[in-house]
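Accompanying notes for the structure given below.
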Amino acid sequence: MLAKLNFVMFWTLLIDKTKKDMPKDLYLPMLLSSLFALLVTVLGWSAFGKVEEQNKLDVSELISTNYIPSVFLIILLVQFMMMIVDRIIYLKKSMIAKYIYQVIIVLVLHSYLFIFQPWFTRESFRSMAAWIAWYIFFCCYFSLSAFQIQSGYPRLHTDSIILRTYGYVTYVIYLGYLAVPFLWELEVLLNWVCTETTLTLDYWVKLSDIKVYLFKLKCWQVTYESSYHLGEKQPAYMKYGIGGLLVLLLILIIWFPLLFMSVVTTNSIPNPPTGFSCQLSVAGFEPLVKMKFTHTPSVSDHELDQLKENVKNGLSGNKTFNSYTEFVNRFKPADVVRLDVYSDSLTLWEISPAAVHYLTTVLGKDNSVPGFNLTMMFEWTVERVPESTVALKRVSGVSQIQILSSKDRETQPDRTPYVSREQLRSIIDTCATDTKLLVNTLVPTFLWARETDVTKVELFPPKNNQTDPRNMKRVDVKLHHYTQAAITPCKIWDGYYWSMNQTSAFVP
């Protein structure tokens with residue numbers, strides 16, 4: 001009867017808020033105890049699971065391996081949910097829920113730490129320092145929680161414990177709290193869910209944001225008043241020292257990228273080619289000419305100066321084309337190499353009889369016939385050893401012109417570059433080794449190898465809306481055979497190769 005009476009009195013005192021004369025707010029020390037226990041779990045994670053000795057890693061090594069043990073993750077999640085539940089009970093001020101939660105946590109934690117964990121890891125409680133530290137912090141939590149149940153929750157409280165005091169230390173602590181991703185948002189949502197209010201969620205968030213701003217303002221005001229008096233003029237060293245440095249910093253942030261790109265660019269890093277290869281082909285067929293150059297000599301100072309002078313003289317006083325001079329003045333002798341194309345193809349013309357028959361058939365048609373459009377292509381590849389991280393080791397480009405018949409040329413402008421269909425077909429049909437096929441305005445004189453590609457450039461301005469002939473090479477293509485013995489009828493696929501000879505001189 002006495003025990004029953006004592007339990008009734010205990011329950012009455014527990015739920016009756018009017019009999020709690022001096023309620024205490026112990027949420028902050030309870031939260032700190034939970035956080036320290038969580039820190040012990042993170043630092044000594046290997047003690048809370050069955051981990052082999054050779055697999056025990058510290059936290060930094062565990063993160064670097066991108067592997068999180070499931071037992072470790074479950075323990076962290078449970079502790080985090082315990083803090084969430086404790087926060088909800090604190091906001092609701094429910095003493096019954098706090099008491100039931102306290103009893104459940106005490107029973108579950110002791111069962112886990114003294115029964116399940118030793119059985120699961122085959123370790124004793126005394127031999128594990130992480131368990132002892134973990135249990136000490138939870139004992140502090142249990143003691144504070146019991147005292148909270150005894151004294152009761154305060155009737156009034158602010159949203160955040162940190163917002164109750166103002167100063168530089170609390171300001172820095174609160175900035176660290178706000179720096180944790182989604183922690184402030186989680187607190188705001190919990191406060192809105194567990195607080196009786198007429199505000200909607202968006203207005204509650206705005207109210208909480210206003211409180212944060214006012215707290216920061218109050219902290220700065222308290223710190224400011226300790227050094228200066230209100231209404232006092234700002235000293236000159238503050239205005240011109242701090243303010244002047246900030247102005248210079250903003251100017252530097254605005255203009256430094258442009259200055260950096262104009263002074264230190266990839267164009268200022270010498271990146272000469274170490275190899276050059278090119279090929280001439282009829283689109284869709286085996287290349288006629290293949291060439292490769294491993295010796296790429298740089299031009300001399302005199303040759304580059306002469307080139308710049310020729311470009312300048314080619315402007316004829318026309319200021320419209322000053323960009324040509326500015327472009328060529330970017331380069332130094334180490335940036336420019338010279339290649340003279342006086343070489344036969346490195347390979348035979350490897351083409352099958354069927355492909356030759358199809359090619360001659362297509363060449364016999366007009367370019368305007370659908371499906372019989374042919375172009376001659378000149379492809380080039382530049383190899384280098386780039387010093388810049390954004391520059392590619394191998395870059396390539398292509399230029400092309402149409403292969404036209406005499407009928408096709410009647411519908412084209414007078415100065416349209418082309419290759420003669422009839423002449424090319426005649427060379428292939430008769431294996432004519434003494435006939436030269438003229439291929440003009442296909443091979444560029446100047447190539448510009450940039451970071452990710454290589455393109456042809458025109459250093460000399462156009463004349464009468466036509467490209468200056470110095471910007472493109474004049475070449476002829478000729479068929480050769482590996483033996484001088486006459487073969488009748490000829491077999492174009494049997495030992496024949498092509499050559500491409502430059503007929504224009506080096507510029508300048």
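Residues take their numbers from the sequence shown, with the count starting at 1. Worth saying up front: this structure is predicted, and the values here are computed from it rather than measured.
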Within a strict 4.5 Å, meaning less than it, do heavy atoms of the [X] and [Y] side chains meet?
X: M82; Y: I105; result: yes
X: F293; Y: M291; result: yes
X: T170; Y: C219; result: yes
X: S399; Y: P444; result: yes
X: V42; Y: L76; result: yes
X: M83; Y: L35; result: yes
X: S33; Y: C140; result: yes
X: K98; Y: D86; result: yes

Contacts of type side chain to side chain donor-acceptor pair (under 3.5 Å), residue E286, not counting sequence neighbours: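 Counting only residues at least two positions away or on another chain, E286 forms no side chain to side chain donor-acceptor pair (under 3.5 Å).
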Measure up the [X] and [Y] rings against each other and bin them: parallel (under 30°), tilted (30 to 60°), perpendicular (over 60°).
X: Y135; Y: H110; value: perpendicular
X: Y171; Y: W220; value: perpendicular
X: Y141; Y: F138; value: perpendicular
X: F215; Y: Y174; value: perpendicular

Nearest 0.5 Å, what's the [atom1]-[atom2] distance between [X] and [Y]?
X: L26; Y: L32; atom1: CG; atom2: CG; result: 11.5 Å
X: L346; Y: Q279; atom1: CG; atom2: CD; result: 11.0 Å
X: I88; Y: C194; atom1: CD1; atom2: SG; result: 5.0 Å
X: L217; Y: Y166; atom1: CG; atom2: OH; result: 10.5 Å
X: L28; Y: L144; atom1: CG; atom2: CG; result: 10.0 Å
X: I149; Y: I96; atom1: CD1; atom2: CD1; result: 11.5 Å

With sequence neighbours left out, the residues meeting salt bridge (Lys or Arg N to Asp or Glu O under 4.0 Å) with E383 are R394
Indicate the atoms forming the closest heavy-atom contact of [X] with [Y], along with that distance.
X: Y27; Y: Q148; value: N-OE1, 4.0 Å
X: Q400; Y: T375; value: OE1-OG1, 3.8 Å
X: V188; Y: W204; value: O-NE1, 3.4 Å
X: W184; Y: D209; value: CZ2-N, 3.9 Å
X: Q79; Y: S34; value: NE2-O, 4.3 Å
X: L91; Y: L190; value: CD1-O, 3.6 Å

Just by distance, do the side chain of [X] and the backbone of [Y] share a donor-acceptor pair under 3.5 Å?
X: W380; Y: L447; answer: no
X: Q102; Y: V106; answer: no
X: S281; Y: L288; answer: no
X: R384; Y: L392; answer: yes
X: T195; Y: T197; answer: no

Determine whether more than 12 heavy atoms belonging to other residues, nucleotides or ligands lie under 6.0 Å from atom [atom1] of [X].
X: Y240; atom1: OH; result: no
X: F114; atom1: CZ; result: yes
X: F116; atom1: CZ; result: yes

Side chain to side chain contact (heavy atoms under 4.5 Å, CB included), that's the test. Do M128 and Q117 meet it? Break it down for me. CA-CA 11 Å; M128 303 300 291; Q117 191 70 5; over 6 Å; no
Would I104 and Y101 satisfy side chain to side chain contact (heavy atoms under 4.5 Å, CB included), going step by step from the backbone distance to the final call? CA-CA 5 Å; I104 294 175; Y101 178 72; 5.8 Å; no
Side chain to side chain donor-acceptor pair (under 3.5 Å) between Y90 and D25: does it pass, once the steps are laid out? CA-CA 9 Å; Y90 171 75; D25 189 354; 2.8 Å; yes
W448 and F446 aromatic centres sub-6.0 Å: no
W134 and L109: CA distance, side-chain angles, deciding distance, side chain to side chain contact (heavy atoms under 4.5 Å, CB included) verdict: CA-CA 11 Å; W134 198 63; L109 185 135; 4.1 Å; yes
Passes side chain to side chain contact (heavy atoms under 4.5 Å, CB included), L186 versus I84? Steps please. CA-CA 9 Å; L186 180 61; I84 295 297; 3.7 Å; yes
